[in-house]
Amino acid sequence: MVRCANEAEMIAFGEKIGRSVKPHMVITMTGELGAGKTTLTKGIGKGLGITKIINSPTFTIVKIYTGRLTLYHFDAYRLEDSDDDLGFEEMLDDDGLCVVEWPMYIEDILPQERLEIEIVKNDDGTRDLLFHPTGARYEELVKEIS
């Protein structure tokens, strides 16, 4: 677990993740609205060397950014109850990094091996980041970043 006191710490921790990820990784993020999923993704993008502004892909579902690795930033919130084939499998199979917010809505296409980051909002405004790695490469990533 990592505790972030504010947005700046969340972005700084995301940068650490972005510097540590390897090609063809998937990170899913869970947490209530406003927990900081997109803020953490902004930091990951910075760590990947992405200079474009990263914002929530809520209405576009996925945004693609170019850095050390291609970042595919998914927001699956609006896909609840959707059975459409949206072509996400190709992105998940790419050599980039996929960051998926609200992964429960596309669970059937996500790889079993991945890192889930659960973000918990605390009453004092801090955020706890809980790591749930599945697979050796993700367990190694968690060791490296925490």
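Quantities reported herein were computed from a predicted structural model and do not represent experimental measurements.
Counting only distance, with no hydrogens or angles, the side chain of Lys37 and the backbone of Gly31 share a donor-acceptor pair below 3.5 Å.
Considering CD of Glu113 and NE2 of His24, their distance stands at 9.5 Å, rounded to 0.5 Å. Rounded to the nearest 0.5 angstrom, Ile119 CD1 and Thr39 OG1 are separated by 8.0 Å. One finds the CD1 atom of Ile44 at 13.0 Å from the NZ atom of Lys16 (value rounded to the nearest 0.5 Å). Taken to the nearest 0.5 Å, the NZ atom of Lys42 stands 8.5 Å off from the CD1 atom of Ile54. For the atom pair CD (Glu118) and OG1 (Thr30), the distance works out to 4.5 Å, reported to the nearest 0.5 Å. In this structure, CD1 in Ile64 is found 10.0 Å from NZ in Lys52, a value given to the nearest 0.5 Å.
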Would His73 and Ile50 count as a side-chain contact (heavy atoms from CB on, under 4.5 Å) if you check the C-alpha gap in whole Å, the side-chain angles of each, and the deciding distance to 0.1 Å? CA-CA 12 Å; His73 182 199; Ile50 295 168; over 6 Å; no
Tell me, with the steps shown, if Leu129 and Met10 meet side-chain contact (heavy atoms from CB on, under 4.5 Å). CA-CA 9 Å; Leu129 281 59; Met10 191 85 123; 3.8 Å; yes
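No side-chain heavy atom of Val120 sits under 4.5 Å from any side-chain heavy atom of Met1. Between Arg127 and Leu40 the shortest side-chain heavy-atom distance does not fall below 4.5 Å. In this structure the side chain of Leu33 reaches within 4.5 angstrom of the side chain of Trp102, judged on heavy atoms. Side-chain contact between Lys63 and Asn55: present, with at least one pair of heavy atoms (C-beta onward) separated by less than 4.5 Å. Side chains of Ile17 and Leu115 form no contact here, defined as non-hydrogen atoms less than 4.5 Å apart. Side-chain contact between Leu141 and Val21: present, with at least one pair of heavy atoms (C-beta onward) separated by less than 4.5 Å.
Between Asp128 and Arg3 the shortest heavy-atom distance is OD1-NE, 2.6 Å. Across Asp94 and Tyr72, no two heavy atoms sit closer than the pair OD2-OH, 3.1 Å. Among all heavy-atom pairs drawn from Gly96 and Leu69, the shortest one is CA-CB, 4.4 Å. Considering all non-hydrogen atoms of both residues, Leu110 and Val100 come closest at CD2-CG2, 4.1 Å. Between Tyr138 and Val26, the shortest heavy-atom contact is OH-N, 2.9 Å. Between Tyr65 and Ile53, the closest heavy-atom pair is CE2-O, 3.6 Å.
Between Glu101 and Thr38, the side chains place a donor N or O and an acceptor N or O closer than 3.5 Å (distance only, hydrogens not considered).
Met104 and Leu130 sit in two unconnected hydrophobic clusters of ILVMFWY residues. Membership requires side-chain heavy atoms under 4.5 Å apart, directly or through other members.
More than 12 heavy atoms of other residues, nucleotides or ligands sit less than 6.0 Å from atom CD of Glu32. Within a 6.0 Å radius of CG in Asp124, other residues, nucleotides and ligands contribute more than 12 heavy atoms. Few gaps surround CD on Glu15; more than 12 heavy atoms of other groups in view lie less than 6.0 Å from it.
Shown are Val62, Val99, Thr28; of these, the side chain to side chain contact (heavy atoms under 4.5 Å, CB included) with Phe74 is made only by Val62.
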